[in-house]
4 protein chains.
Amino acid sequence: MASDNSENATGNPGSGERAPKRRRSALLDSAIVEFSTYGIGGARVDRIAERANTNKAMLYHYFGNKDDLYLAALQDIYAGIRGAENELELDLSAPEAAIRTLVAFTFRYYVDNPAFVRMINTENLHRAVHLRAAGDMTTLNRSILDRIKAILDRGVAEGIFREGIDPLDLYISISALGFTYISNQHTLAVLFGRDLTTDEAIEKRLETMTDMVLRFVRSDRHHAASDSAR
Amino acid sequence: MASDNSENATGNPGSGERAPKRRRSALLDSAIVEFSTYGIGGARVDRIAERANTNKAMLYHYFGNKDDLYLAALQDIYAGIRGAENELELDLSAPEAAIRTLVAFTFRYYVDNPAFVRMINTENLHRAVHLRAAGDMTTLNRSILDRIKAILDRGVAEGIFREGIDPLDLYISISALGFTYISNQHTLAVLFGRDLTTDEAIEKRLETMTDMVLRFVRSDRHHAASDSAR
Amino acid sequence: MASDNSENATGNPGSGERAPKRRRSALLDSAIVEFSTYGIGGARVDRIAERANTNKAMLYHYFGNKDDLYLAALQDIYAGIRGAENELELDLSAPEAAIRTLVAFTFRYYVDNPAFVRMINTENLHRAVHLRAAGDMTTLNRSILDRIKAILDRGVAEGIFREGIDPLDLYISISALGFTYISNQHTLAVLFGRDLTTDEAIEKRLETMTDMVLRFVRSDRHHAASDSAR
Amino acid sequence: MASDNSENATGNPGSGERAPKRRRSALLDSAIVEFSTYGIGGARVDRIAERANTNKAMLYHYFGNKDDLYLAALQDIYAGIRGAENELELDLSAPEAAIRTLVAFTFRYYVDNPAFVRMINTENLHRAVHLRAAGDMTTLNRSILDRIKAILDRGVAEGIFREGIDPLDLYISISALGFTYISNQHTLAVLFGRDLTTDEAIEKRLETMTDMVLRFVRSDRHHAASDSAR
DNA sequence: GATGAATGAGATTTCATTCAT
DNA sequence: AATGAATGAAATCTCATTCAT
């Protein structure tokens with residue numbers, strides 16, 4: 001990541017700075033804010049430069065053009081979650097706890113990184129043409145599937161999980177339960193008149209998600225185990 | 001809906017037609033395709049007019065400006081799912097079957113109406129400002145929550161469903177499991193190298209979703225019931 | 001041609017005109033002036049629009065982009081000389097007179113149409129990439145070679161011209177003797193301190209050219225014929 | 001000349017060199033290639049520096065600005081032909097042979113130095129403003145006219161050349177017959193579908209030029225002399 | 001109603017030149 | 001001397017909207 005994905009992170013001490021890496025990184029941060037706020041078509045190169053306390057020519061100097069800058073921003077976003085996932089510790093000796101940890105991590109990442117959610121949506125609106133063109137992405141995401149598989153296998157071996165669950169399918173379910181909640185929060189709020197982003201609502205949602213995923217993976221014999229104990 | 005949400009629907013016989021409703025409707029269809037493909041900032045008024053076999057002056061005549069046209073397209077999209085939901089029959093006397101029907105309907109609607117999914121995402125990228133400004137949306141969506149509540153109540157009364165499940169929370173879960181699957185299909189395909197939209201993959205996904213939702217709502221005593229029987 | 005190649009021709013009655021062909025034609029005339037004055041890289045789209053009493057957007061509306069406008073200007077320039085050549089009458093029954101007419105026509109065309117000369121030079125600086133890309137040019141220029149061949153054949157039949165002269169080679173010589181004189185007039189004037197474009201100098205040059213070409217084509221027996229009788 | 005006009009000459013051993021004259025000369029060579037390829041408006045300062053394996057600051061250090069660099073390049077180009085002409089030996093005791101030598105030298109210089117031809121054209125497109133501003137050019141080119149005059153005078157004295165031929169007019173003719181052939185080779189090739197730059201075509205053209213010039217200068221009595229004997 | 005031209009504001013991109021190190 | 005970053009002015013091009021017919 002440039003340095004940090006949060007919506008308005010720049011962290012540079014002043015506007016007269018000179019360190020080239022700083023400049024590039026400030027532009028990238030600014031681009032993430034801009035693209036995730038307005039989409040590709042709606043993003044303004046002027047605003048990106050201004051927010052990074054530099055000028056358009058610098059932006060073109062470092063990134064070539066608007067589209068390439070968008071791609072760089074997208075890759076930075078993905079580098080962010082990849083890095084966070086890699087730091088995530090999942091204790092295989094306790095499969096249920098590992099699932100809980102994974103669900104919580106995933107949801108909280110979406111909650112804490114709305115720019116991530118918006119960039120993914122933006123890229124999907126564009127049918128992932130940029131991501132596809134960037135190549136080399138498939139390998140990066142093997143690791144999370146491998147780890148889910150390991151958890152499932154261990155759970156099955158211990159007799160507490162069902163057999164036959166596809167790791168990717170499960171990953172999509174875990175992701176989906178939190179992603180749409182964050183991604184669609186605005187239309188849902190209008191349509192149903194409820195704010196979904198209060199701390200209380202977020203915690204409630206995490207409970208539901210965890211409950212749902214665990215009930216899904218558990219073997220029928222072990223179904224009675226309590227879920228609300230957290 | 002204008003007439004139909006499918007990606008390239010127009011269905012008008014020729015360019016020399018006279019029915020004004022046809023023109024309006026063709027413009028609306030075209031706008032839905034355009035906005036759902038490029039977002040608001042990326043949408044082009046020229047393309048919308050051209051795809052509707054008319055000219056920009058007509059578009060401005062009927063809809064005032066680009067933003068109002070977007071709003072009309074968004075409302076049309078919501079009218080579409082509202083109409084479909086109203087026609088959906090849920091048999092209260094069989095709560096599990098009703099849940100199955102609801103899950104299947106919801107998912108298939110997303111599968112069959114990608115423009116719907118894209119418009120929702122676009123509107124959320126804009127923080128639902130247009131939808132909020134349009135007002136009067138809350139009432140429209142009470143009905144689906146009421147019906148879910150009725151199903152849950154009946155299931156609890158019959159002893160087959162758990163108590164304490166929030167209808168909106170459940171609705172969001174049902175929606176989410178399918179919405180993200182469709183919405184994020186392009187990035188997921190690139191990241192994991194698997195096409196999620198084959199008929200087989202879609203049916204598999206529906207099974208997972210149904211299984212997950214039913215396991216979530218069932219009371220623990222009734223948990224052993226088979227889910228794969230469809 | 002748009003209407004006329006002369007350096008500042010527009011000929012439109014006022015700036016508030018509406019006829020679309022006029023606009024296009026005014027833009028083309030303006031483009032010819034601009035490109036022949038500044039070259040492709042030095043030409044300014046703003047100036048072209050302003051000189052045509054319109055705005056840049058119209059220019060892009062009609063011609064797509066700067067390069068395509070340049071190509072249109074180039075084709076217009078070639079259409080101009082092609083049209084003039086087609087109207088040129090060469091009396092085959094008097095081969096020497098026909099050569100005289102051809103030489104005079106060619107030189108006077110360069111003298112009267114400096115924009116033509118400059119455009120040809122500009123296109124050659126670009127290695128004729130635009131002309132080559134435009135295609136279909138070869139056929140257009142067969143006619144002048146055919147006519148030169150007819151003149152030469154007749155002169156040979158009459159015993160007054162030599163055999164074995166290549167029509168294209170002769171055409172290039174006729175063209176060259178006048179083209180460089182006009183094309184390089186500015187550097188020649190600086191280097192040798194003589195203005196080559198006075199009426200007197202032009203007439204003198206035409207005499208030299210005619211003399212040189214006729215002495216080249218005449219059979220040796222008929223060499224004594226006077227050339228200065230005009 | 002800086003060192004050599006050939007299109008891609010640099011000849012410096014590496015980027016870490018120290019000789020300042022080398023740097024200046026490499027920049028000048030690069031500038032000639034650039035200006036003769038793209039014209040003044042189309043030339044890019046970045047490309048000039050890059051091709052000279054240095055950076056823009058050096059360019060500005062040595063030459064001040066783009067326009068001054070262009071002037072330096074132009075002067076270098078003229079210095080090149082001036083030097084070559086000075087080394088050219090014309091045997092006055094054989095006027096016909098001297099003319100042959102002059103014609104051949106002139107043509108071959110154009111053939112071997114396309115950058116020269118292109119720079120002359122570029123400067124003429126700019127109406128020779130730079131050359132005029134550079135001053136002091138007239139004197140430099142007296143010598144070639146003086147030598148032509150000497151040849152003509154000797155030929156007249158020997159009775160083999162006509163009287164009354166203007167040396168500058170003759171020089172322009174000699175130059176023109178070869179200059180346009182090289183200068184306009186690209187458009188001519190497109191328009192007439194023939195490659196004019198094969199070795200064979202070049203030799204043929206030189207024959208034509210020599211023939212034409214000699215027939216022009218010869219007195220009528222001596223006209224029967226063979227020209228093709230080379 | 002219907003059409004294509006017209007427009008001005010603003011978008012992206014380029015480039016000669018200068019600066020800090 | 002040498003380098004890469006930095007900049008502002010200006011270039012090309014786009015687009016929502018309006019106008020004339």
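Naming: A, B, ... by sequence-line order, numbering from 1 per chain.
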Checklist entry - For F:dA1, does OP1 or OP2 lie under 4.0 Å from any side-chain N or O of D:H61? => result yes
Item to check | Heavy-atom check, side chain of B:F63 versus side chain of B:L71, under 4.5 Å | outcome: no
Checklist outcome for this item: Heavy-atom nearest pair, D:E123 first then D:L131, reads OE2-N, 2.7 Å
Item to check | Contact under 4.0 Å: B:R47 side-chain N or O vs F:dA16 OP1/OP2 | outcome: no
Checklist outcome for this item: A:L59 atom CG is separated from E:dC15 atom C1', nearest whole Å, by 16 Å
Next on the checklist: By the 4.0 Å heavy-atom rule, please label C:A49 as base, sugar-phosphate, or nothing.
Outcome noted: nothing
Item to check | Minimal non-hydrogen separation, A:K66 against A:Y60, with atom names | outcome: N-CE2, 4.3 Å
Checklist entry - OP1 or OP2 of F:dA6 sitting under 4.0 Å from any side-chain N/O of A:T54? => result no
Checklist entry - Is the closest side-chain heavy-atom distance between C:T54 and C:L59 below 4.5 Å? => result no
Checklist outcome for this item: In short, C:G42 meets C:E34 closest at the heavy-atom pair O-OE2, 4.2 Å
Checklist entry - Under 4.0 Å between a side-chain N or O of A:R23 and OP1 or OP2 of F:dA5? => result no
Next on the checklist: Tell me the interatomic distance from D:Y70, atom OH, to E:dC15, atom C1', rounded to whole angstroms.
Outcome noted: 20 Å
Checklist entry - Which comes earlier along DNA chain E counting from the 5' end, the contact point of D:K66 or that of A:D46, where each point is its nearest nucleotide? => result A:D46
Checklist outcome for this item: Looking only at heavy atoms, the pair that brings B:A115 and B:I32 closest together is CB-CG2, 3.8 Å
Next on the checklist: Just by distance, no angles: are the side chains of C:R118 and C:S36 close enough, under 3.5 Å, to form a donor-acceptor pair?
Outcome noted: no
Item to check | Shortest non-hydrogen separation from C:Y38 to C:A43 and the atoms involved | outcome: CB-N, 3.7 Å
Checklist entry - D:K56 NZ to E:dT14 P: how many Å, rounded? => result 13 Å
Next on the checklist: I want to confirm an ordering. Mapping D:G64 and A:G41 to their closest nucleotides on DNA chain E, which one lands closer to the 5' end?
Outcome noted: A:G41
Checklist entry - Hey, which of these two, B:Y60 or C:Y60, hits DNA chain F nearer its 5' end, going by closest nucleotide? => result C:Y60
Checklist entry - What is the distance from CZ of A:F63 to C1' of E:dT13, rounded to the nearest Å? => result 16 Å
Checklist entry - Between E:dC15 atom P and D:N65 atom CG, what is the distance in whole Å? => result 17 Å
Checklist outcome for this item: Here the distance between atom C1' of F:dT17 and atom CG of B:L69, to the nearest Å, is 14 Å
Checklist entry - In which ranges does DNA chain E form stems of 3 or more consecutive Watson-Crick or G-U pairs, distances under 3.5 Å? => result E:2-21 with F:2-21
Item to check | Between F:dA6 (P) and A:R22 (CZ): distance, integer Å | outcome: 13 Å
Checklist entry - Once you round it to whole Å, what is the distance between P of F:dG4 and CE of D:M58? => result 12 Å
Next on the checklist: Between B:R44 and D:A57, which residue's closest nucleotide on DNA chain F lies nearer the 5′ terminus?
Outcome noted: D:A57
Next on the checklist: Taking 4.0 Å as the cut-off, does a side-chain nitrogen or oxygen of D:N55 come that near to OP1 or OP2 on F:dG4?
Outcome noted: no
